[in-house]
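Worth saying up front: this structure is predicted, and the values here are computed from it rather than measured. In this chain, residues are counted from 1 in sequence order.
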Amino acid sequence: MSSAPALPIHNQRFVMTFDNKMSASAVRVEPDSDPIQAMRILGFNHAFPCIFISGGASNMTDDDRLRIREIMSVVAKFAQDKGAVVVDGGTEAGVMQMIADARLAGGHSFPLVGVSPLGKVSFPGYKNPNEEAYLEDSHSHFVLVDGDSWGAETKFIIRLTNRMGGGGKLPTLGILINGGAIAMEEVYLASTSEMKFPIIILEGTGRAADEISTAFRTGRTNRAILKAILAGGDLSLVPTIEGVEGIREKLLEKFV
């Protein structure tokens, strides 16, 4: 009988080496653990400007995907120029893959930190029998949060973004593209809790992004979570038809 795959030990740095020969520093944490401890284990010994990318690319057309790839190239260059850390969900899918591809294609060196639920992912050295995704191989760092469901990492990822930015002392913002229920919850936490930071919504990318955009523009919604986001959030809309110039202008405006 084969033994279960070995799990990393909590709160100890380990290194993943992917098939493309790229390596990433990683740490396993509990959901309610201190994000500052995780930062220090990964080598972040002080605060950095921080950009959090939330959402996905479900049901997008090929033209939509091309436009988002172009926008991610702008975000990647902006992060590099500003000395920022970028935080996302860390898997080989959607906008997480796009920002990683943009970082690699641009020859950028900004830290790209993926935060994922341990119970849903596989990675070098750990083949998860319940795998639903593989960690993306161009990220520089990973935080694996104990949990067997997507969303187990939600609170930690928002807390990490806030703490990475020094609790509001350094520029910190989020970007929502498309997304479903988990992305909606992330925007809610970033809008209503003590960890709040501004969110740029890419309007026209579908799903959660467009639900929030519509509620923001009309001021009308029956959903409690949207009412809370509108009441507490620092939201900005960027229609995707404005393309790279629209996101560049908004990044410069909000990243203060």
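- Nearest heavy atoms, Pro35 versus Arg163: CG-CG, 3.6 Å.
- Side-chain contact between Arg13 and Ser25 is present, with at least one heavy-atom pair separated by less than 4.5 Å.
- With hydrogens and angles left out, the side-chain atoms of Ser213 and Glu203 include no donor and acceptor closer than 3.5 Å.
- Counting heavy atoms from C-beta on, the side chains of Leu226 and Tyr188 never come closer than 4.5 Å.
- Ionic pairing of Asp148 and Lys120 is not present here: no N-O contact between side-chain nitrogen and carboxylate oxygen is shorter than 4.0 angstrom.
- Between the side chains of Ser54 and Glu186, at least one donor N or O sits under 3.5 Å from an acceptor N or O.
- Within the 4.5 Å cutoff, the side chain of Val115 has no heavy atoms near those of the Asp88 side chain.
- Counting only distance, with no hydrogens or angles, the side chain of Glu30 and the backbone of Asp32 share no donor-acceptor pair below 3.5 Å.
- Ring planes of Phe18 and Tyr134: perpendicular class, angle over 60° (limits at 30 and 60°).
- Taking the side chain as every heavy atom from C-beta outward, Leu135 and Met16 approach each other to under 4.5 Å.
- Considering all non-hydrogen atoms of both residues, Ala152 and Pro117 come closest at CB-CB, 4.3 Å.
- If you take CD1 on Ile247 and CZ on Arg67, they are separated by 13.5 Å, rounding to the nearest 0.5 Å.
- The nearest pair of heavy atoms linking Ser116 to Gly89 is OG-O, 2.5 Å.
- Of the possible donor and acceptor atoms, none in the side chain of Asp64 sits under 3.5 Å from a partner among the backbone N and O of Met60.
- By the 6.0 Å and 45° rule, Arg103 stacks over the aromatic ring of Phe110.
- Of the residues Leu173, Val85, Leu170, Val86, the one that meets the side-chain contact (heavy atoms from CB on, under 4.5 Å) test with Pro49 is Leu170.
- Closest approach of Ala76 to Ala102, counting heavy atoms only: CB-CB, 3.9 Å.
- Between Lys254 and Asp234, at least one side-chain nitrogen of the basic residue sits less than 4.0 Å from a carboxylate oxygen of the acidic one, meeting the salt-bridge criterion.
- Between Phe14 and Phe123, the two ring planes are tilted [angle within 30° to 60°].
- The distance from the CG atom of Leu251 to the CD1 atom of Ile51 is 6.0 Å, given to the nearest 0.5 Å.
- Listed here is the closest heavy atom pair of Ser58 and Asn178: O-ND2, 3.1 Å.
- Here NZ of Lys155 is found 9.0 Å from CZ of Arg159. Values are rounded to the nearest 0.5 Å.
- Residues Glu153 and Trp150 share a closest heavy-atom pair of OE1-C, 4.0 Å.
- Under the 30°/60° scheme for interplanar angles, the aromatic rings of Phe44 and Phe48 are found to stand perpendicular.
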Start with the C-alpha gap between Glu245 and Arg248, add the side-chain angles, then the distance that decides, and say whether side-chain contact (heavy atoms from CB on, under 4.5 Å) holds.
CA-CA 5 Å; Glu245 291 306 318; Arg248 186 180 290 116; 2.6 Å; yes
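- In this structure, Asn20 places its CG atom where more than 12 heavy-atom neighbours from other residues, nucleotides or ligands lie under 6.0 Å away.
- With 3.5 Å as the limit, one finds no donor-acceptor pair spanning the side chains of Glu92 and Gln97.
- Annotation: side chain of Met164 is not in contact with side chain of Thr161 (no heavy-atom distance under 4.5 Å).
- Listed for the Thr221 side chain is no donor-acceptor partner under 3.5 Å among the backbone atoms of Lys227.
- A donor-acceptor contact shorter than 3.5 Å is absent between the side chain of Arg28 and the backbone of Leu144.
- In this structure, the side chains of Thr240 and Ile68 come closer than 4.5 Å at one or more pairs of heavy atoms.
- Put simply, the side chain of Asn128 never gets that close to the backbone of Ser122: no donor and acceptor are under 3.5 Å apart.
- Note that CD1 of Ile200 is 10.5 Å distant from CD1 of Ile53, once rounded to the nearest 0.5 Å.
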Run the side chain to side chain donor-acceptor pair (under 3.5 Å) test on Thr17 and Ser23 for me, step by step, so that the C-alpha distance in whole Å, both residues' side-chain angles and the decisive distance to 0.1 Å come before the verdict.
CA-CA 4 Å; Thr17 301; Ser23 296; 3.2 Å; yes
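- Salt-bridge check for Arg207 with Glu211: failed, with every basic side-chain N at 4.0 Å or more from each acidic carboxylate O.
- For the atom pair Thr218 OG1 and Leu230 CG, the distance stands at 8.0 Å (nearest 0.5 Å).
- Distance check: Leu176 CG to Phe52 CZ gives 8.5 Å after rounding to the nearest 0.5 Å.
- Checking each of Asp63, Asp62, Asp101 against Arg69 for a salt bridge (Lys or Arg N to Asp or Glu O under 4.0 Å) leaves exactly one that passes, namely Asp101.
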